[in-house]
Asks: 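Have a look at the structure that comes next, please.
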2 protein chains.
Amino acid sequence: MRRKNERLSLDGHSARPPAIAVTSDRAERALSQRGLQFTPLRRQILDMLIEAGRPLGAYDLLARQRERAGKPFAPTQIYRVLDVLQAAGLIHRLATQGTYVVCDHEHAAGETPVFLVCGACGSVAEAASTAVEQEVEAVAAASGFKPIHPVVEVEGRCAACRAGP
Amino acid sequence: MRRKNERLSLDGHSARPPAIAVTSDRAERALSQRGLQFTPLRRQILDMLIEAGRPLGAYDLLARQRERAGKPFAPTQIYRVLDVLQAAGLIHRLATQGTYVVCDHEHAAGETPVFLVCGACGSVAEAASTAVEQEVEAVAAASGFKPIHPVVEVEGRCAACRAGP
DNA sequence: ACGACGCACGTTATGTTATAACGTATCCAC
DNA sequence: GTGGATACGTTATAACATAACGTGCGTCGT
């Protein structure tokens, strides 16, 4: 069990300009590959997450969508969209926070997403690591467990918050 | 960044006999070290988690405690106890499920707990890995992030569920 | 003695996150 | 034209979590 390489692609989801790595094209492709459509509603929710540039809660999205559309929406509708986007690999759910964030990686197989959550400023950076994947696999193998969906979220302090108060 | 060793201690939290590695003594010590007490209520909640042998939700514990005591309890009370037990390292919260489970390890520093959650039967096994800790540290270091509390939870299939249907 | 403090617990109310269950419309294959 | 899959709408409820304030009790310093 040696690591072969270590790809680290970091992108902040802090107050920075929304680096829209999730393009409409990518979403379109990710969905149609599964026989699903990139409908207006799905586009709107995804856009909100992209524009926010940080994780949002389902009810936050719900409120924004209500404003935006000027008509009522039910939580169910939002959750359905989130489920679809997540299944298509376009967004991730942050389990420790109950929020959702765009995925700006094309995750290769064999890479586990690692979320670095700053407890001070709330920013979230996403990385992808083959080494973490491999070590988790090793731990699981030791008990005959087959990993399907690893979740790695790290609470801590981001570089910016460690520098200044 | 080489791994030094790999300690894997696995224990199932499935339907098996409750291997009570969290003794009253350990709880007593863990709490009094922090100037806290192992009160009857705290003992009862911890016992429930030990006896269950699997993760329970706060409201599940609440219902059990109401039955057990024959009097009303408020969610607040349960959450307070859970907070204390968690701070003392006696239980863990599973973020992906919103449940709580006894910790049967004495976690050494430098070890990250890894939870193996079977999506079929719901059992949860806990392991501790220095290698995972180190790789997470490496990923964080690459962006100047200081890890404080890593969360690693893996959804998958346990050995038993992979064998039989 | 007594006041200040910290811990533990009680109570009421509310906030937040998520799902169940059922109905309607559309498209497309057969 | 019926059956299946996808998408969306609606109502209701479940599950998880915290805020805010009050009570009792022991301990410590003066």
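Proteins get letters first, then strands, A, B, ... in listed order; numbering begins at 1 in each.
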Asks: Just how far is it from atom CG of B:L90 to atom CG of B:D104, taken to the nearest 0.5 Å?
Replies: 11.5 Å
Asks: What does the list of N/O pairs under 3.5 Å between the protein and nucleotides 25-29 of chain D look like, with a distance for each?
Replies:
none

Asks: Hey, are B:D60 and B:R64 close enough for a salt bridge, meaning a charged N less than 4.0 Å from a carboxylate O?
Replies: yes
Asks: Which residue pairs satisfy the side-chain hydrogen bond (donor to acceptor under 3.5 Å, both in side chains) criterion with at least one member in residues 79-97 of chain B, sequence neighbours excluded?
Replies: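 Qualifying pairs: B:H92-B:H107, B:H92-B:E126, B:T96-B:E153, B:Q97-B:T99.
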Asks: To the nearest 0.5 Å, what is the distance between CZ on A:R26 and CG on A:L31?
Replies: 10.5 Å
Asks: What integer distance in Å separates B:L94:CG from D:dA15:P?
Replies: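 Rounded to the whole Å, the gap is 18 Å.
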Asks: Does any part of the side chain of A:V154, heavy atoms only, come nearer than 4.5 Å to the side chain of B:F145, both counted from C-beta?
Replies: yes
Asks: Which residues pass the side-chain contact (heavy atoms from CB on, under 4.5 Å) test with A:E155, not counting sequence neighbours?
Replies: A:R157, B:I148, B:H149
Asks: For the helix from C:dA1-D:dT30 to C:dC30-D:dG1, figure out the bend between the end axes, five pairs an end, and round to 10 degrees.
Replies: 20°
Asks: Between protein and nucleotides 25-30 of chain C, map the contacts as a letter string: B base, S sugar-phosphate only, - none, heavy atoms under 4.0 Å, written 5' to 3'.
Replies: ------
Asks: To the nearest angstrom, how far is A:L82 atom CG from D:dC8 atom C1'?
Replies: 15 Å
Asks: Tell me if a side-chain donor or acceptor on A:E111 pairs with a main-chain N or O of A:S129 at a distance below 3.5 Å.
Replies: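 No: the side chain of A:E111 does not pair with the backbone of A:S129.
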Asks: In the 5'-to-3' direction, what one-character label does each nucleotide of nucleotides 7-20 of chain C receive under the scheme B = base within less than 4.0 Å of a protein heavy atom, S = sugar-phosphate only, - = no such atom?
Replies: -SBBBB----BBBB
Asks: With rounding to the nearest 0.5 angstrom, report the CG to CG distance, A:L46 to A:L85.
Replies: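 Between atom CG of A:L46 and atom CG of A:L85 there are 5.5 Å.
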Asks: How long is the gap from CD on A:Q65 to CD1 on A:I78, to the nearest 0.5 Å?
Replies: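 Between atom CD of A:Q65 and atom CD1 of A:I78 there are 5.5 Å.
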Asks: Starting from C1' on D:dC8, measure out to CZ on A:R43 and report it in whole angstrom.
Replies: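 So the two atoms are 18 Å apart, to the nearest Å.
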